[in-house]
Amino acid sequence: MPCEVAARFLILYGSQRGQAQSIAEEICQQAAEHGFTADISCLSNQHKYNVDREIRPVVFVVSTTGDGDPPDTAHKFVRKIKNKSLVHDHFSHLRYALLALGDTNYANFCNGGKTIDSRLQQLGAKHFYATGHADDGTGLEVVVDPWIEGLWDALKKIFSSMSTSNQQSADLSDCTQDNYHKNASGQEKNKSGLEVDLQLLKLSEVDSQKEKTITSDSSDVETLSTALVASLKQSVPPLSESVLNVPALPASYLEVCLEQVSTEGETVPSDKDGYREVSISKAVQLTQDDAVKNAILLELDISEQSIAYQPGDAFDILCPNRASEVEELLLRLDLQTRKNCAVQVNLLKNSSKKAAKVPLHIPQSGSLQFILTWCLEIRSAPKKAFVRALADFTQNGSEKRRLLELCSKEGSADYNSFVRDTNVCLLDLLRAFPSCLPPLSLLFEHLPKLQPRAYSAASSSLQHPGKVHFVFNVVEFPACPEHPARTGLCTGWLADHVSSILRPLGTVPASDYGESGLILVHVRPRPSSTFHLPADPSIPVVMVGPGTGVAPFIGFLQQREKEREANQEATFGETWLFFGCRHKDKDFLFRYELERFALNGTLSHLIVCFSRDEPDAAGTVNRPTYVQHNLRLHAKNVASILLKNKGCLYVCGDAKNMAKDVNDTLLEIIGNELQIDKLDAMKIVAGLREEKRYLQDIWS
């Protein structure tokens with residue numbers, strides 16, 4: 001019997017945006033190099049696996065989405081294992097490892113993976129390897145890479161353990177270990193003693209020319225007389241003198257052919273996945289010209305599409321890559337004259353990549369320009385595996401060395417500083433390393449799907465029938481050594497898209513805008529399962545939404561205003577809104593509408609702060625700067641609403657700073673009010689989340 005039978009394990013992944021899938025496929029790929037055989041499946045494909053009877057070790061890779069929810073592809077699996085009729089030892093046969101992906105900028109870190117992990121444990125399953133929790137806020141690879149390295153040793157041990165009760169498995173496992181050591185010959189061990197499947201790259205093995213003049217172009221010459229400073233293009237000691245532990249080269253698996261067939265006329269993806277084409281009927285600049293950020297409100301006409309939504313829901317917007325960037329990429333790849341050719345993508349016949357398949361987001365027979373414009377996220381920061389692959393298509397020795405440094409263990413800090421944290425994209429790397437000439441197939445293998453961007457509805461259909469509003473800041477990325485100045489992919493595109501109808505706030509009455517009928521976008525509703533006003537209108541609510549975070553609360557208040565008009569005898573709970581911005585006269589979004597809500601009683605309390613305005617003439621001491629400061633000033637009211645009146649707290653806006661500060665302030669308020677320590681306060685807050693009375697709609 002072939003030895004690989006005993007060393008076979010199963011990989012199951014639940015992925016929302018492709019990261020968990022990519023990591024699962026990487027594990028599958030590396031398995032063969034360590035003498036194992038892996039089968040792989042998405043959790044949604046339940047016909048392809050059966051964990052109820054699975055005797056092989058199982059490796060789960062699971063991401064988190066929304067408010068700590070499992071990804072869409074894992075929903076059915078989670079529902080299945082949460083079935084209350086399952087007995088406590090239902091999975092007593094199961095031996096598994098789990099890698100959870102999350103982001104500490106958000107609440108319920110890695111909760112998608114934790115949900116599956118805890119339920120499997122409750123039903124008797126046993127770990128054969130410690131669960132990993134990878135943080136996208138600091139870089140998934142910080143946890144993912146060492147976790148995968150340790151997995152191989154853990155698999156050896158579990159196969160060895162299983163062999164004690166099955167002599168056949170023992171014989172096969174021994175054979176597998178012979179193969180493992182054969183495959184591992186010549187490889188180094190890392191500091192923890194785990195076998196690491198890495199290629200060693202010595203400085204002498206590339207054309208290291210640190211003592212020579214390095215010329216990246218005719219105007220950029222550096223010599224040793226110049227003090228070296230680390231950058232995207234160059235490293236400094238000790239990294240520049242280090243022996244590198246470089247990941248194995250990812251296996252190629254796609255074959256891309258360009259056919260001379262006319263494909264002109266394509267404008268948007270033909271498979272819209274539920275998207276509707278609607279017109280933009282109004283565009284208003286909500287901030288003054290000298291404001292730090294430019295906020296724009298768009299009104300979409302959805303009257304002919306029968307799209308229903310509630311305040312608190314969001315809408316996905318399809319946006320293309322920038323035409324100028326697509327053209328530059330085509331030129332860089334020497335494919336500009338073939339941009340209208342039809343693309344045919346097939347699997348390489350002799351690829352060593354396990355479970356290889358043509359990416360579903362790449363349409364067959366679409367033009368090259370169409371695919372680069374609408375299907376691939378060319379702005380995404382290249383993963384280390386992509387950087388490793390790019391190095392193999394780089395002719396200049398010094399440039400190749402630098403790319404290998406960036407994807408190496410030793411170069412992790414440089415990768416974070418000069419690629420990940422600075423939002424460097426493929427084009428930036430190709431500009432920095434001019435001798436890098438990757439084939440088109442490499443881009444198709446490594447560039448992720450171009451994802452839609454989600455925006456919260458800033459309106460109620462009761463107030464604006466047949467319309468939906470949303471508001472956004474035009475994101476700006478200033479020029480830096482790694483890349484030129486640019487705007488956010490979707491926000492910049494939208495701002496350009498509506499420039500012909502954009503009006504300053506207050507210059508034209510809304511009724512005078514009319515229907516443009518010419519400016520179109522593709523949208524898809526994204527209903528929220530929880531971020532809605534309470535079904536019982538008598539329940540008090542506290543809303544915290546600085547900047548554009550106020551958007552869903554405009555919808556809440558428009559809804560509440562109409563409900564009050566229609567039900568004047570009903571009892572409505574208090575509504576508190578904590579809003580903040582930089583300047584009262586420059587970026588106080590929806591100022592007049594909010595003041596109207598406060599005047600007519602729809603909004604019980606409007607609490608505002610302006611972080612950059614000078615103190616007033618009275619010289620107010622300790623003037624509140626941010627929303628959390630105002631929360632603290634109204635601590636007793638907030639505590640009473642949440643703890644005594646069973647009210648709801650909604651937070652919308654920046655996850656990285658504001659949401660964390662608000663959460664810390666909430667812990668402080670509850671701790672002081674109940675006279676309990678922080679740990680007990682955290683339990684109270686966790687209870688509020690569990691009861692869906694502390695809800696967040698946040699982004700980073």
Would you give the length of the straight line joining atom [atom1] of [X] to atom [atom2] of [Y], rounded to the nearest 0.5 angstrom?
X: Leu533; Y: Ser460; atom1: CG; atom2: OG; result: 9.0 Å
X: Asp661; Y: Leu631; atom1: CG; atom2: CG; result: 10.5 Å
X: Arg402; Y: Leu429; atom1: CZ; atom2: CG; result: 10.5 Å
X: Asn321; Y: Leu376; atom1: CG; atom2: CG; result: 8.0 Å
X: Leu297; Y: Phe472; atom1: CG; atom2: CZ; result: 9.0 Å

Crowding at [atom1], [X] (>12 non-hydrogen neighbours, <6.0 Å):
X: Glu304; atom1: CD; value: no
X: Arg486; atom1: CZ; value: yes
X: Asp290; atom1: CG; value: yes
X: Arg596; atom1: CZ; value: yes

[X]: partners by side-chain contact (heavy atoms from CB on, under 4.5 Å), with sequence neighbours left out:
X: Asp654; answer: Lys656, Asn657, Met658
X: Pro439; answer: Phe393, Ser441, Leu442
X: Ala24; answer: Ile11, Tyr13, Ile40, Val61
X: Gln305; answer: Arg276, Val278, Ile307

Determine, stepwise, if the pair Leu286 / Thr548 fulfils side-chain contact (heavy atoms from CB on, under 4.5 Å).
-> CA-CA 10 Å; Leu286 298 182; Thr548 56; over 6 Å; no
I'd like to know if the side chain of [X] reaches the main chain of [Y], judged simply by a donor and an acceptor atom lying under 3.5 Å from each other, with no hydrogens or angles considered.
X: Ser435; Y: Asn396; result: yes
X: Tyr650; Y: His532; result: yes
X: Glu277; Y: Leu520; result: no
X: Arg332; Y: Leu430; result: yes
X: Thr373; Y: Gln369; result: yes
X: Glu299; Y: Ile280; result: no
X: Asp136; Y: Asp103; result: no
X: Asn630; Y: Val627; result: no
X: Thr64; Y: Leu101; result: yes
X: Thr65; Y: Pro70; result: no

Side chains of [X] and [Y] in contact at under 4.5 Å (non-hydrogen atoms):
X: His464; Y: Gln558; answer: yes
X: Ile296; Y: Val284; answer: no
X: Leu594; Y: Phe553; answer: no
X: Asp316; Y: Val523; answer: no
X: Arg420; Y: Glu141; answer: yes
X: Thr73; Y: Gln16; answer: no
X: Arg524; Y: Pro452; answer: yes

With a 6.0 Å cut-off on ring centres, are Phe386 and His446 close enough?
->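 That pair passes the under 6.0 Å test.
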Pair Phe588 + Phe610: ring centers closer than 6.0 Å =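 Yes, they do, as the ring centres are separated by less than 6.0 Å.
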For [X], enumerate each residue passing the side-chain hydrogen bond (donor to acceptor under 3.5 Å, both in side chains) test, keeping only those at least two apart in sequence or located in another chain.
X: Asp697; value: Ser456
X: Ser528; value: none
X: Asn423; value: none
X: Ser459; value: Tyr309

Heavy-atom pair of closest approach, residues [X] and [Y]:
X: Leu254; Y: Pro359; answer: CD1-CD, 3.9 Å
X: Tyr455; Y: Val471; answer: CD2-O, 4.4 Å
X: Arg453; Y: Cys490; answer: CG-CB, 3.6 Å
X: Ser365; Y: Ala342; answer: O-CB, 3.8 Å
X: Asp613; Y: Lys584; answer: OD2-N, 3.0 Å
X: Phe433; Y: Leu232; answer: CZ-O, 3.4 Å

How far apart are the C-alpha atoms of Arg322 and Thr487, what are their side-chain angles, what is the distance that settles it, and do they pass the side chain to side chain donor-acceptor pair (under 3.5 Å) test?
-> CA-CA 10 Å; Arg322 294 298 175 83; Thr487 56; 2.8 Å; yes
Do any pairs count as a ring pair (Phe, Tyr, Trp, His ring centres under 6.0 Å) and have a residue in residues 276-298, sequence neighbours left out, and if so which ones?
->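 As it turns out, there is no ring pair (Phe, Tyr, Trp, His ring centres under 6.0 Å) pair with a partner in residues 276-298 once direct neighbours are skipped.
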Tell me, which pairs form a ring pair (Phe, Tyr, Trp, His ring centres under 6.0 Å) where one or both residues lie in residues 475-500, sequence neighbours left out?
->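 Those involving residues 475-500 are Trp493-His497.
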Does the pair Gln559 and Gln463 meet the rule for a side chain to side chain donor-acceptor pair (under 3.5 Å), with working shown?
-> CA-CA 7 Å; Gln559 183 94 353; Gln463 189 91 271; over 6 Å; no
Quick one: do Asp69 and Asn111 satisfy side-chain contact (heavy atoms from CB on, under 4.5 Å)? Show the steps, please.
-> CA-CA 7 Å; Asp69 300 319; Asn111 198 59; over 6 Å; no
Could you tell me which residues satisfy ring-ring contact (aromatic ring centres under 6.0 Å, His included) with His583, sequence neighbours excluded, listed by chain and number?
->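 Not a single residue meets the ring-ring contact (aromatic ring centres under 6.0 Å, His included) criterion with His583.
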Kindly determine whether Glu482 and Asp428 satisfy side-chain contact (heavy atoms from CB on, under 4.5 Å), including the steps that lead there.
-> CA-CA 7 Å; Glu482 291 76 28; Asp428 300 322; 5.9 Å; no
For Asp135 and Val143, run side-chain contact (heavy atoms from CB on, under 4.5 Å): C-alpha distance rounded to whole Å, both residues' side-chain angles, the deciding distance at 0.1 Å, then the answer.
-> CA-CA 7 Å; Asp135 181 11; Val143 169; 6.0 Å; no
Can you tell me which residue pairs pass the salt bridge (charged side-chain N to carboxylate O under 4.0 Å, His left out) test with a partner in residues 490-500, sequence neighbours excluded?
->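 Output for this query is empty, none listed.
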